[in-house]
Amino acid sequence: MTDHLTIKDLGLEFRTRHGVVRALEDVSLTVKRGEIVGVVGESGSGKSVMAYSVMGLSDAAAEIKRGSIVLGGMDLLATKGEALRAIRGREMAMIFQSPRTALNPIRKVGRQIEDVLMEHEAIPRRDLRKAAIAALERVRIPDPERRYDAYPFELSGGMCQRVMIAIALACSPSLLIADEPTTGLDVTTQAVIMDLIRDKSRDGRMSTLLITHDLGLAGEYCDRIVVMHAGHVVEVAPTEVLLSRPAHPYTLQLLAATPTPTSTLDTLPSIGGQLPDLRRDLPPCRFSERCARKLPQCDVPPLPWTTLSPDHIVRCRVPL
Amino acid sequence: MSFTTLARNTGHAFGENPLTLVAVVILALLLVCALFGGWIAPYDPLTTDATAKLAPPSLDHWFGTDALGRDILSRVIVATRLDLGMAFSAVALSFGVGLALGSAAGYLGGWTDRIIGRLMDTIMAFPLFVLAMGIVAALGNNVANIIIATMIINLPFYCRFARAEVNVRRDLGYAEAARMGGNRTLTVLVVHIIPNILPPMMVQASLNMGWAILNAAGLSFIGLGVRPPTPEWGIMVSEGASFIVSGEWWAFVFPGAALVLAVFSFNLLGDGLRDLLDPRKRV
Amino acid sequence: MHFIWKRLLATIPSLFGVVILTFLLSHALPGDPAAYFAGPAANADSIAEVRQKLGLDRPLIVQFLHYVGDLARGELGNSLTTGQPVLKDLVDRLPASLELSAFALLFAIGVAIPMGVLAAIRLNGPADHACRAIVTVCAAFPTFFIGLLLVYVFYFLLGMAPEPLGRLNEILYTAPPRVTGAFTVDALIAGDMEVFRASLAQLVLPAISLGLFALAPIARITRAAMLESLSSDFVRTARSSGLPTSKVLFTYAFRNSLLPISSVMGMVFSFLLGSNVLIEQVFGWQGVGAYAVSAVLASDYAAVQGFVLMMAILYILLNLVVDVLATLIDPRVRFEG
C-alpha cells in the first residue's frame, strides 16, 4: 500500500495576546490508502489543530511555520483559495464532534447534502434530491425520503452524526478526518457510528484519520495509532503492538487510564501533572516534566527517534 | 470582583479604549457647566440685544447670537444644568422605582411578578417617545412632567433587569444562608441581594443617560415642557431651525452640538463601564 | 398556521393593556378630564356639556366600558382644532407618515445590514472600524438635529435638495389622485413620473434623517450575529465541505443571523414611530406626528389620545408581522412557538 496522506515535520504556532503558542512541532505521520489511523492524546495535545491544518481550516491566528502536508501527491499547504475549496468536500472531508451544532439548524438536512453534491458533482438539478436521499440511505438512515425534509433539531444526536457522515461521504472523498465523532453520543450509538465509519472506509478504500482522546476506541477501530503529547508525536505503532507493548511512558499512562470492562472509576489511574505551557521554552522532550523515568540526558537536545521495529517508532531516550 | 482586577480592568479599559478617557473629560466639563454655568457664561443668557440679532460667531460672541440678540454660548452653557438635570432625574427615578418594582417581582414571584410584568409589557407595547408625548399631554405641559414621562418610558428596562438579576440570586447560596440565619425577607433582599446587582445596573444607567437626554430634548424640541425664554438645548435647536433657510447656521448648530457631545460622552462612558465590569461582553 | 393564531392571541393582552393605559391617562388623572377634553377655550357651561356627553360624571368602570364601546365603533371623538372626527384626521394623515417611515426603514436596513455583514467578515479591518464609528456617531445624534444639518448642507449650501416644506411643492405640482395616500406610490399608479420624482425628492432627506438613527441598532446586531454564525460549528462544516464562499456567507451564516436581527426590529420600530414625530416637525411633513404635536400644544385632548392609541396598535401589528416573518426564517420558532 502507498502512503496517501503524508504530514512531514509540521510546525504550527498561534499568535495570542499572551505570547506565541507552539502548538505543533515536528509532527509527522502517514496514512495509507484504505487505512484507519488513530491520533490519540489528551485535549490540548494538538491533534485537532493538526487535523484542521490538513483541511486548511486553521484559525486565523495560526501560522504554519514549517513542514509539508501532501495528499495523493498534492501539496496541500501550497494549495490555496479556490483550488483548496475544490478539494475540500470532494477529496477530503471532515466530521466533527457535537453533530447537532455542526449542522445548519435552519436548513433541511437533505438540502445540506445537496449543497455539497451541487458543488462537487455534475448532477443535474432534478436528480439532486434523489442523490441526497441515496446518500442518506448509504449511512443507513431509516426512511431517508422522509428524513430528507427534517431539520437537525428534529433528529437525535446519532441521526445528526449520520447526516454529517452522509455529507462528508457524499462525494466519496479519498480522505476522511473524524474529529471525536462519537463524543456526546450514547454508548450504543457510538458503536453504530464507528462501525459505519469503518465499513465506509473499507468499502471506499478511503484513508481515515480518527482523532480521539479515547485509546480504547482507537484500539478497536484503527490499524495504526499515533500518540500525541503537547504538540509532539511521541509514538507510532500498529494497534496491537501499541496496546500490548507501549514504548513511551505517556502511552503507558494513557493505556492505564483507559477504562476496561473490569475497571471502575476508582481504580482508574489518572495521568499525573499537566500539559506544559506551550508558550515557554520547552525541553526537547515535552513529557519530561511529567515523567517518572526522567534522566538528566533527557534535557539535552536533540531528542532522537528510536526505531523498535520498522513500523514502531518512539520519541524517548529510554523507551520501555 | 476583587479590587485588583477592578484596577487592572480600569487600566485596561482606558488603555484599550482611550475614548473612554475622552468621555470622562468631556463629562467633567459638562458637569462644571451644569454646576457653575451661571458664573462661567460670559453674558446673561436672557439679556436681549436688538443691535446684535443673529450675529455670526465672533470674538465677542464665540457661538454668535440668536434672533433676539442673546449670546448663544452663554445660553448653551447655562442650559447644561437643565438638560442634564432632566435626564439625570429621570434616570435616577427609573433606577429607584425600577429597582424596587423589579426586586419585588423577582423576589416575591407569583402575582406580584405577574402584575408588574404585565404593567411593564404594557408600557413596552407603545412606541416609547409617543407614550412620553401622551403622558406629558395628560399630566400637563411642564418640566416636571417631562421628567416623569422620561422616567416611565425607561422604567421597563430597569425593572426587567432587576427582576432577572434578583430572580437568579434569590436561590443562590448566600441568600439561602441569610434566610436560614433567620433574616427577614426584606433584610435578605436589601442587605444580601440588591448590593450585588447595583454595579451592573449602574452600567445600564450610564448607557441610558444618553437616551434620556435625547428623549427630554426631543420633547422640548416639539415644544413640550420647557418654555421660552428658558435656555435648553432642544428648544434652542428648534428656535434656530427657522433660520436655516436663510443660512444662519450657528443658531441651531451649537446647541445641537452640545446635545451630541453630551449623549456621545455618556454612551462612551457606558461602554467603558460595561467593559470594566465584564471585559468578556465587549462587542 | 397554528403558530400564527397563537401569536395573534398573544397580542390580545397587549392590546388590552394599551387600551387601559390610554384610558387611565385620559380619565383617571388628577384634575378634571372634562376640562381637558373641552379644551383651553372652554367655559363652565361647555365643560359641563362635555362632561355630560362623555359620561365623565359616572363611575370609572362605566366610563371604561363606554370608552371601549366607542373604540370598537371607531369613535375617537372630535378634534378641537380641525373640528373633524379624530379617526378621519388620523386616517387622512397616516399614509404620509407610513410612507416616510417605510422609506426610512428601507434606508436603514439597506445600509446597516451590508455594513454589519462587511464589518463581521473583515473583523478589525477598515470596514469594521468604519462601522463602529458610524454606529457610535449615529447613536449620539438626535434625529431632529441630523435632519436640520442635512437641510442646511443639502438645501442651503449645496442646493441639491428641494425646500423642506412638506411632501410636495404644491405650487409646481398637483398631488396625484389619492389611492394609497402615499404620494410616491400614487404618482406611480397615476403614471405621473414627474410628480413621482418630485415627491421622492421631498422624501429623501427626511427618510435619511429618520433612518440614520435606526441604523445603529441594526448594524450593531447584524455584526454581532454574523460574528456568532461565522464562528459556529455549522459554518465550519460548510467550509470543510468546500462550499463556495458566497454560499457559506449567505445561505449558512447570514440566514442564521436573520433571527437575532429580527429581534431588534421591535426596538427599531419604536424608534421610527417615535422619531417620526420629530422629523415631521423638521420637514413640515403633514403626517400624524405633526398633527399630534399641534394637538398636544393646543391641548386637543381627543386627538392626542387617538394618536397615541393608533401608534400603539400600529406598533403591536408591526411586531406581529416581524414575529410571523421570523417563523418563516427559522423552523425552530414554529415548533417552540
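Residue numbering restarts at 1 for every chain, and letters A, B, ... go by the order of the sequence lines.
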Worksheet item: Are any side-chain N or O atoms of C/T237 and backbone N or O atoms of A/L103, one a donor and one an acceptor, separated by less than 3.5 Å?
Response: no
Worksheet item: In terms of heavy-atom pairs under 4.5 Å, which option from A/M92, A/E82, A/Q112, A/R100 contacts chain C the most?
Response: A/Q112
Worksheet item: Top residue by heavy-atom pair count (under 4.5 Å) with chain C, among A/T101, A/I167, A/I177?
Response: A/T101
Worksheet item: Taking the six-membered ring of A/Y151 as reference, does the NZ or CZ atom of C/R332 fall below 6.0 Å from its centre and within a 45° cone about the axis?
Response: no
Fill in: Heavy-atom donor-acceptor pair, A/H120 side chain to C/S241 backbone, under 3.5 Å
yes
Worksheet entry | chain C contact via A/P173 - which portion, at a heavy-atom distance below 4.5 Å | neither
Worksheet entry | Rounded distance (nearest 0.5 Å) linking atom CG of C/D233 with atom CG of A/N104 | 11.5 Å
Worksheet item: More than 12 foreign heavy atoms under 6.0 Å from CD of A/E145: is that the case here?
Response: no
Worksheet item: So, the side chain of A/R88 versus the backbone of C/S240: is there a donor-acceptor pair under 3.5 Å, distance only?
Response: no
Worksheet item: How far apart are the C-alpha atoms of C/F234 and A/R107, what are their side-chain angles, what is the distance that settles it, and do they pass the side-chain contact (heavy atoms from CB on, under 4.5 Å) test?
Response: CA-CA 11 Å; C/F234 59 83; A/R107 198 162 172 79; over 6 Å; no
Discussion item. With a 6.0 Å cut-off (strictly less than), is the heavy-atom count around CZ of A/R111, excluding the residue itself, greater than 12?
Written reply: no
Worksheet, complete the sentence: Pair count under 4.5 Å, heavy atoms only, with chain A: among C/T251, C/T245, C/V235, highest is C/T251
Worksheet item: Which one, A/G89, A/A86, A/A93, A/P105, leads in non-hydrogen pairs under 4.5 Å with chain C?
Response: A/P105
Fill in: Spatial distance of atom CD1 (A/I106) from atom CD1 (C/I329) [nearest 0.5 Å]
7.5 Å
Worksheet item: With a 4.5 Å limit on heavy-atom distance, are the side chains of A/M118 and C/K247 in contact?
Response: yes
Discussion item. Quick check on A/E91: does its CD atom have over 12 non-hydrogen neighbours (other residues, nucleotides or ligands) under 6.0 Å away?
Written reply: yes
Fill in: A/Y52 side chain near C/R236 side chain, heavy-atom distance below 4.5 Å
yes
Item to complete: For each of A/L84, A/I95, A/D115, tally heavy-atom pairs with chain C at distances under 4.5 Å, and name the one with the top tally.
Response: A/D115
Worksheet item: Where on A/L57 is there a heavy atom nearer than 4.5 Å to chain C: the side chain, the backbone, both, or neither?
Response: side chain
Worksheet entry | CZ (C/R122) with more than 12 external heavy atoms under 6.0 Å | no
